[in-house]
Amino acid sequence: MGDASMSKGLLLLYVLGAYIVMTLAVVIGFAGQFFYWIFIDLCGFRNRNANRKLTSANNKKDNEYYSLIIGSGYSGLGMAIKLKELGTDNFIVIERHGHVGGTWYANTYPGCACDVPSNLYSFSFEPNPNWSYFFGRQSEIGQYLEHCTDKYDIRRHIQFDTTVTKLEWIEDRHVWRVTVKSNDEEKEIYARFVMAGYGPLSNASYPIDIPGIDKFEGRMCHTAEWDKTIDFKNKRVAVVGTGASAIQTVPEIQKVGVTQLLVFQRTPPWIIPRADRIVSNWEKRLFARFPIIQKLIRGFVYWMRESTVLSFSYRLPVRLINAELVKFNLRRQVKDKELRKALTPKFELGCKRVLISNDWYASIQQPNVKVVTDGMQEIKSNSIVTRDGVEYPVDIIIWSTGFQVQTFPLDVIGINRQTLQDQWSETMQAYRGVTVPNFPNLFLLLGPNTGLGHNSVIIMIEAQIHYIADALLYMEEHNVRTLDIKQNVHDEFNHKLQTKLKNTVWQSGGCRSWYQDAKGNNTTIWPDFTWVYVLLMKKFDFKNYMFQS
């Protein structure tokens, strides 16, 4: 009785401590925003450049565009909208699918949803008062991006069902020659600038170390390439992986009457509850009539999430409080000691992507579900064999094994025939995640080390779009045709970034994750507050670039 009371008292202290930290982060964050508004916005510093336009960008040439954008997800659409705002129509968007949306069009697996609240996972300039859930579902996020496409008149600029296969810098013309493929036919397009918004979570990754995959005679698909024709009822199903898509897919598959559902787990993830709910109609009307309320909610959610950097990056003692709360959630939901042991990660909270779910633990404890922790040794025609010799008959295999984050999806040839693949053979690096030496006029969106483990990447995307726009305006006003980041500036930036990363949970938290390449270099995560990155990208730092007229 005394121990139980003590546990509850300790839990209350942990909860109170966590809320105090988050409340302080919200208060300090809003105060900082207010003072920034007073001294920057109100004094007119931001609006001083509001009327700058890309006047020469509309000088069209045959088969040559001012800008070519790869992808029509958040990055590509956001960049296209900014170009329209800057006064140019002389651009094209290349999209490999038949619809806009990027990963939010491609990923259609059951239960697919965002793990960032909807009010924060949307453009700051285009709030949506009609979100149905606090956390947006795949279909509704797709509809939002379709809405943005039509509202800002971007659709006429998009070439659908077309894939960019090669980028080649033509030095004497100062343009990119872009090879695109559509209907098995290739053609070449020229563009002065290329903005690569291809998305790091776009190409499915299959395991290459399991013999016999090609011998399996049942149905098989990847969560990122979902096959809607598969019938799961009365089938023996294996889901390989316990990452973000698996914890959304497994509960949905479990419900549809499968005979047995095997969940093959290599390493267990840390799971936190999803504070989700349906947004009522009166709230939607309130947001539509008073947008400031939705903006305040967005700010509140943003600063709450920023507070986790204190734990993940700066390793303050609050990380111990957060870890205990997450462990309590596991103990509360999983009573079986052996299963709980199998589901307890051996790495720190945050080292791998923290996942959110209200039904994962409940689903994997159902009678028709079994968590398999032994590694896969072989796949046979109708079964999976684990390393301890156990053979599991299966009819369907679902691969939930992530994406090819550490590879660039197309050939890129820069100055002096330098290839991006060769330049990145040691590790993927870019200056501020946007520009790479030897590849003039090429801008990356969500490039190396601009992914997040705590907040909304839309914040990062908008910061990059602002920076790129400022660079284009600078070049216009100074009558220069090309820019290229200086090698020493690029190297110094990445040295400092990797030094900072070493002390964060993403590098020293005791795990290997998809954030890292094969050599252990973290090429994915931004190791600091997002507001630090936003301020860093506020103004184009022209002194760090080389230019040609």
Between [Y] and [X], do the side chains contain a donor N or O and an acceptor N or O under 3.5 Å apart?
{"X": "T427", "Y": "D517", "answer": "yes"}
{"X": "R219", "Y": "T229", "answer": "yes"}
{"X": "Y302", "Y": "T530", "answer": "yes"}
{"X": "E476", "Y": "T55", "answer": "yes"}
{"X": "W282", "Y": "S280", "answer": "yes"}
{"X": "S182", "Y": "Q159", "answer": "no"}
{"X": "Y533", "Y": "Q464", "answer": "yes"}

Can you classify the ring geometry of [X] versus [Y] as parallel (below 30°), tilted (30 to 60°) or perpendicular (above 60°)?
{"X": "Y206", "Y": "W399", "value": "perpendicular"}
{"X": "F439", "Y": "W176", "value": "parallel"}
{"X": "W131", "Y": "Y144", "value": "tilted"}

Quiz item: Given Y152 and E126, is the side chain to side chain donor-acceptor pair (under 3.5 Å) satisfied, shown in steps?
Solution: CA-CA 10 Å; Y152 293 93; E126 187 59 34; 2.7 Å; yes
Looking at [Y], is its backbone amide N or carbonyl O close enough to the side chain of [X] to form a donor-acceptor pair, meaning the two atoms are under 3.5 Å apart?
{"X": "D231", "Y": "K233", "answer": "yes"}
{"X": "N368", "Y": "V258", "answer": "yes"}
{"X": "Q366", "Y": "S363", "answer": "no"}
{"X": "T88", "Y": "L83", "answer": "no"}
{"X": "H466", "Y": "K538", "answer": "yes"}
{"X": "E95", "Y": "S72", "answer": "yes"}

Self-check item: D89 vs K84, salt bridge (charged side-chain N to carboxylate O under 4.0 Å, His left out): CA-CA, chis, key distance, verdict
Solution: CA-CA 6 Å; D89 271 336; K84 296 274 286 191; 3.0 Å; yes
Has [X] got more than 12 heavy atoms of other residues, nucleotides or ligands less than 6.0 Å from its [atom1]?
{"X": "F135", "atom1": "CZ", "value": "yes"}
{"X": "D214", "atom1": "CG", "value": "yes"}
{"X": "I292", "atom1": "CD1", "value": "yes"}
{"X": "R481", "atom1": "CZ", "value": "yes"}

Quiz item: Do E252 and V256 touch side chain to side chain, with heavy atoms closer than 4.5 Å?
Solution: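 No; the side chains remain at least 4.5 Å from each other.
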Practice problem: Indicate yes or no: at least one non-hydrogen side-chain atom of L120 is less than 4.5 angstrom from one of I459. | Solution: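 Yes, close enough: below the 4.5 Å cut-off.
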Measure the spacing between [atom1] of [X] and [atom2] of [Y] and express it to the nearest 0.5 Å.
{"X": "F123", "Y": "E462", "atom1": "CZ", "atom2": "CD", "value": "6.5 Å"}
{"X": "I356", "Y": "D115", "atom1": "CD1", "atom2": "CG", "value": "5.0 Å"}
{"X": "Y474", "Y": "K539", "atom1": "OH", "atom2": "NZ", "value": "9.5 Å"}

Quiz item: With sequence neighbours left out, what residues match D395 under side chain to side chain contact (heavy atoms under 4.5 Å, CB included)?
Solution: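 D395 satisfies side chain to side chain contact (heavy atoms under 4.5 Å, CB included) with K235, R236 once adjacent residues are dropped.
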Exercise. Using side chain to side chain contact (heavy atoms under 4.5 Å, CB included) as the criterion, list what pairs up with N234, not counting sequence neighbours.
Key: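 Once residues adjacent in sequence are excluded, the partners of N234 under the side chain to side chain contact (heavy atoms under 4.5 Å, CB included) criterion are T259.
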Quiz item: Does a salt bridge link E186 with K166, judged by any charged N lying under 4.0 Å from a carboxylate O?
Solution: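 Not counted as a salt bridge, because no side-chain N and carboxylate O are separated by less than 4.0 Å.
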Quiz prompt | Worked check of salt bridge (charged side-chain N to carboxylate O under 4.0 Å, His left out) between D470 and R52 | solution = CA-CA 10 Å; D470 207 29; R52 297 164 73 195; 3.1 Å; yes
Self-check item: Test log, rule ring pair (Phe, Tyr, Trp, His ring centres under 6.0 Å), inputs Y467 and F540
Solution: CA-CA 6 Å; Y467 181 83; F540 175 60; 5.7 Å; yes
